[in-house]
Amino acid sequence: MEFSLTEEQREIFDTTAKLARTHLGRRPGRDGSVPDEAAWFRRRWQLCGRQGVLSNLLPEHHGGADVDALTSAIMMQGLGYGGDDFGFVFSVAAHIYACTVPILRFGSASLKDRYLSAMGSGKLIATHSITEPEAGSDPFAMTTRARRDGDEYIIDGAKCYSSNAPFADLFVIHAKTDERAGFMGISAFVVERRTPGLSVSPPHKKTGLDGAPLGDVFLDGCRVPLANRIGEEGNGGVIFTHSMNWERTCLFAAYLGAMERQLESVVAYARERRQGRRRIGDYQAVAHRIADMKVRLEAARWLIYRGAWTLGQPSSELVSMDAAIAKLFISEAAVASALDAIQVHGGAGIMAESDIGRYLQDAVPAKIFSGTVEIQRNTIARTLGLGSGH
Ligand SMILES: Cc1cc2nc3c(=O)[nH]c(=O)nc-3n(C[C@H](O)[C@H](O)[C@H](O)COP(=O)(O)OP(=O)(O)OC[C@H]3O[C@@H](n4cnc5c(N)ncnc54)[C@H](O)[C@@H]3O)c2cc1C
């Protein structure tokens, strides 16, 4: 068993952390103003394209570096460590793992040729839409339909909570193609923004991940070419599971980076801040709280790395369980450590201008997206042959 990172992985971490610190922050100007949110988002997006972040998993002929899952996770860890706009990092990761990955793994050669290079270069922003108002934790209850009509599908329905949707050029849409086939009755499609019948809501205001635009997607008689189906008809369930396994490990590596930075600043604060003529870190109650944060961070690190390693193994039966364990643990750890960081900072921890409170706002949604923590527990229990009632 090898626990150390390679030289290349360490370099990737440093480079992406620096990129996030210097260029992917929340504010473009020193005066703190954001003149045009969409333009600022796209400018940083294109930079990520030029720096090879968006294309990291793509093969060379699509302009990528063809790195393995663990190296990709370490890149996300660097972004999460370096930047102060975690929402933007989340958006980048959602594009890669929920949109690029399924096309790369299941798409036809022509679909890959049409979209992958542009998705990797920063020209295109993509969103993944499966959730519907009445189909969240149970996405297979979806009512969006795709009806075959000659060389096209006609898609009707409505999706909600799609990350990146308000600024997206491409939509990875899941729709039912066979009402009676359950898991095998869903198919996935790439739909271009300019497709007649497709419309998107403005970004929702939300608590946390505020740098990630989230919107609803409406499909009203959208005609999509047959060639835009990802993989076989009926393979949408498999595609969705595959994308979620990547998201639950590699996207969540960004939280690992954020937790590392958070721990460093909490340790520095506890060493400096004095009350009762002692440094607060000399009080055992404070020091133990920080020790617990360190334990959570290290446990999360190895679960995420192992999940990413499992992704790279040929058809491991444990891939979904490892991904669920990693996602479950790190999302709960991120919330617990964000609360601890606030407690150590006292009143300063809840001031709006402090980064410390923002960790909590960005951590809470982690327990919900990519499948809630309850759904991850269901997956783990099911793999153990338990909990058939859910
Ligand atoms: C920041 C953010 C980004 C997102 N991005 C995307 C995206 O890009 N694309 C997309 O398609 N979706 C996205 N989502 C949607 C997300 O996947 C859903 O919110 C999530 O799956 C939960 O669905 P729901 O909100 O409808 O909650 P519900 O399913 O209504 O769940 C409500 C509560 O009931 C519990 N519950 C439900 N069913 C069960 C069960 N069987 N067993 C135990 N407990 C259960 C849940 O765990 C939860 O606590 C995003 C959500 C957030 C918050």
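Remember, predicted model here, so these are calculated numbers, not experimental data. Only heavy atoms go into these numbers, but all of them, side chains included; no hydrogens, no water, no symmetry mates. For ligands, and for the atoms within them, numbers begin at 1 and follow the listed sequence.
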In ligand 1, the atoms that come under 4.0 Å of a heavy atom of F369 are 1 (C), 2 (C), 3 (C), 4 (C), 50 (C), 51 (C), 52 (C)
Min over T127, N378, L209, D362 of heavy-atom distance to atom 1 (C) of ligand 1 lands on L209
- Any N or O of T131 that comes nearer than 3.5 Å to an N or O of ligand 1? yes
Regarding ligand 1, does D138 bring an N or O atom to under 3.5 Å of one of the ligand's N or O atoms? no
| task | Would you check, one step at a time, whether the test salt bridge (Lys or Arg N to Asp or Glu O under 4.0 Å) holds for R296 with E332? | result | CA-CA 9 Å; R296 269 183 226 117; E332 294 190 338; over 6 Å; no
Report yes if some N/O of H128 lies less than 3.5 Å from some N/O of ligand 1; otherwise report no.
yes
Min over Y161, F90, F240 of heavy-atom distance to atom 50 (C) of ligand 1 lands on Y161
Checking heavy atoms under 4.0 Å, the part of L214 that sits near ligand 1 is side chain
Check your understanding: Does NZ or CZ of R148 lie under 6.0 Å from the centre of the six-membered ring of Y153, at an angle within 45° of the ring axis?
Key -> yes
Indicate the ring-plane relationship of F41 and F88, choosing parallel, tilted or perpendicular according to the 30° and 60° boundaries.
perpendicular
- Using distance alone, decide if ligand 1 has a nitrogen or oxygen within less than 3.5 Å of any nitrogen or oxygen in S162. no
So for I130 against ligand 1, with non-hydrogen atoms under 4.0 Å, the contacting part is both
CG of D85 to CH2 of W40, rounded to nearest 0.5 Å, is 9.0 Å
Chi angles and distances behind the salt bridge (Lys or Arg N to Asp or Glu O under 4.0 Å) call for D292, R289: CA-CA 5 Å; D292 286 346; R289 191 182 288 281; over 6 Å; no
The residue among Y255, Y359, F252 that forms ring pair (Phe, Tyr, Trp, His ring centres under 6.0 Å) with F86 is Y255
Ligand 1 to T372, heavy atom cutoff 4.0 Å, flagged ligand atoms 22 (C), 46 (C), 47 (O)
* Asked: So, is S163 polar-close to ligand 1, with some N/O to N/O distance under 3.5 Å?
  -> yes
If we number the atoms of ligand 1 from 1 as shown, the ones under 4.0 Å from a heavy atom of I368 are 19 (O), 20 (C), 53 (C)
Under 4.0 Å from one or more heavy atoms of I375, ligand 1 contributes atoms 39 (C), 40 (C), 41 (N)
Closest non-hydrogen atoms of S320 and T241, given as atom of the first, atom of the second and distance, are OG-CG2, 3.8 Å
### Task
Flag S129 as yes when one of its N or O atoms lies below 3.5 Å from any N or O atom of ligand 1, and as no otherwise.
no
Flag if over 12 foreign heavy atoms under 6.0 Å of CZ, R147:
no
F13 and Y81 aromatic ring geometry - parallel, tilted or perpendicular at 30°/60° bounds: tilted
